[in-house]
Amino acid sequence: MTVTNPVPSLLLVDDDAVFRRLMSALFQQDGFQVTAFESAETAFDALELRTFKVAIVDYKLPDLNGIDFFERTRRSHPDMVRILITAHTTEEVLLDAINRGEVYRYLNKPVHTGLLRSTVEQALVLNELTTSRNMILASLDERNRELEQKNSDLARFNHLLGEL
């Protein structure tokens with residue numbers, strides 16, 4: 001069972017302890033609830049317990065690369081907006097990030113904090129829009145089912161009326 005928190009939640013996965021501390025402090029100042037991990041495996045455990053609106057994951061982790069992490073989590077957490085940060089900029093990494101990881105943004109290290117902040121703010125807006133859209137679509141699906149049932153009932157009624 002996952003728990004959703006009204007405070008914007010940010011998952012941060014990076015093996016650099018200094019980067020994790022700095023980014024955690026920065027985003028906590030911005031009102032985020034930051035949960036930071038040094039490895040993909042510990043982050044997977046957290047994802048089983050709760051949802052995150054935005055995830056910032058380093059490409060090079062000790063146990064898995066960031067693209068593989070996103071690929072493994074995108075089905076179970078499709079609304080989580082994924083940001084990949086890396087010092088390993090190659091065309092192959094970029095293409096994998098887009099195609100396999102379905103990342104929202106790809107940022108190079110060292111990351112300018114202003115750029116990262118604005119990217120996370122945009123990602124949060126995207127998450128909120130996606131969540132709203134999904135709620136609207138679910139409501140429309142429910143109303144369509146209700147209308148189909150009423151149409152079916154009306155057709156049966158008209159059939160019975162015709163027999164009379």
Side-chain angles (χ1 to χ4, degrees), residues 1-14 23-24 26-28 30-37 39-59 61 63-86 91-107 115-164:
M1 181 173 118
T2 58
V3 177
T4 304
N5 193 332
V7 174
S9 54
L10 176 70
L11 174 66
L12 176 62
V13 186
D14 196 305
M23 292 303 107
S24 292
L26 177 76
F27 286 108
Q28 285 170 352
D30 290 346
F32 283 84
Q33 181 177 4
V34 180
T35 306
F37 298 99
S39 71
E41 287 305 320
T42 54
F44 287 135
D45 294 339
L47 283 166
E48 289 181 16
L49 301 174
R50 61 178 299 213
T51 60
F52 293 90
K53 293 181 182 278
V54 179
I56 300 172
V57 178
D58 188 17
Y59 173 73
L61 297 171
D63 54 350
L64 192 68
N65 75 49
I67 296 168
D68 291 336
F69 176 84
F70 284 143
E71 187 175 37
R72 282 181 53 183
T73 59
R74 68 187 169 121
R75 286 176 197 81
S76 59
H77 295 82
D79 294 344
M80 181 175 68
V81 182
R82 296 168 291 283
I83 299 169
L84 184 71
I85 53 174
T86 183
E91 186 175 327
E92 182 183 359
V93 170
L94 179 59
L95 290 173
D96 277 352
I98 293 167
N99 296 326
R100 289 183 32 230
E102 294 183 1
V103 298
Y104 169 68
R105 289 284 190 271
Y106 177 95
L107 301 174
L115 175 61
L116 185 56
R117 276 177 136 158
S118 66
T119 300
V120 168
E121 287 177 19
Q122 293 167 4
L124 184 59
V125 169
L126 176 62
N127 177 275
E128 291 169 358
L129 289 172
T130 301
T131 301
S132 295
R133 182 199 69 205
N134 291 343
M135 289 173 55
I136 290 168
L137 289 174
S139 175
L140 285 173
D141 284 344
E142 178 61 30
R143 288 179 185 220
N144 281 336
R145 282 190 294 276
E146 291 171 5
L147 282 174
E148 288 171 0
Q149 181 61 47
K150 288 179 181 183
N151 280 335
S152 177
D153 293 346
L154 184 59
R156 271 185 261 132
F157 176 76
N158 283 335
H159 177 74
L160 290 173
L161 192 59
E163 287 181 357
L164 291 176

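With hydrogens and angles ignored, the 3.5 Å screen pairs a side-chain donor or acceptor of D63 with a backbone N or O of A40. Using modelled atom types, no side-chain atom of R74 and backbone atom of E102 make a donor-acceptor pair closer than 3.5 Å. In this structure a side-chain-to-backbone donor-acceptor pair under 3.5 Å is present from T131 to N127. The backbone N or O of K53 sits less than 3.5 Å from a side-chain atom of S9, completing a donor-acceptor pair. At distances below 3.5 Å, at least one donor-acceptor pair connects side-chain atoms of T130 with backbone N or O atoms of L126.
Considering only heavy atoms from C-beta on, L26 comes within 4.5 Å of R117 through its side chain. Contact of the M80 side chain with the T51 side chain is not registered, since no non-hydrogen atoms from C-beta on lie closer than 4.5 Å. The shortest distance between side-chain heavy atoms of L116 and V120 falls below 4.5 Å. When side chains are defined from C-beta on, V54 does not count as touching Y104, because their heavy atoms never get closer than 4.5 Å. In this structure the side chain of V13 never reaches within 4.5 angstrom of the side chain of D58, judged on heavy atoms.
Checking each of D45, L12, T42, L61 against F37 for a side chain to side chain contact (heavy atoms under 4.5 Å, CB included) leaves exactly one that passes, namely T42. When I67, L84, I83, I98 are each tested for a side chain to side chain contact (heavy atoms under 4.5 Å, CB included) with Y106, only one passes: L84.
In this structure, the separation between CG on L10 and CD on Q28 is 9.5 Å, given to the nearest 0.5 Å. For the atom pair R100 CZ and N65 CG, the distance stands at 6.5 Å (nearest 0.5 Å). A distance of 6.0 Å separates OG1 in T73 from CG in L47, rounded to the nearest 0.5 Å. A distance of 5.0 Å separates CG of L115 from CG of L107, quoted to the nearest 0.5 Å. Rounded to the nearest 0.5 angstrom, I136 CD1 and R143 CZ are separated by 11.0 Å.
For the 3.5 Å distance criterion, the side chains of T35 and R50 qualify, holding a donor opposite an acceptor.
By the 6.0 Å contact criterion, CD on E146 is enclosed, its count of non-hydrogen atoms from other residues, nucleotides or ligands being greater than 12.
In this pair, F32 and F27 present their aromatic rings perpendicular. The plane angle is above 60°, beyond the 30 to 60° band.
Shown here for G31 and P8, the closest heavy-atom pair between the two residues is O-CD, 3.7 Å. Heavy-atom minimum distance, F70 versus G101: CB-O, 3.6 Å.
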task: For side-chain contact (heavy atoms from CB on, under 4.5 Å), just list the numbers for R133 and L129, CA-CA rounded to whole Å, side-chain angles, deciding distance to a tenth of an Å, and then say yes or no.
output: CA-CA 6 Å; R133 182 199 69 205; L129 289 172; over 6 Å; no
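One finds a salt bridge joining R156 and D153 here, because a Lys/Arg side-chain nitrogen approaches an Asp/Glu carboxylate oxygen to under 4.0 Å. Checked for salt-bridge contact, E142 and R145 meet the test: a charged N lies under 4.0 Å from a carboxylate O. A salt bridge does not link R105 to E121: none of the charged side-chain nitrogens sits closer than 4.0 Å to a carboxylate oxygen.
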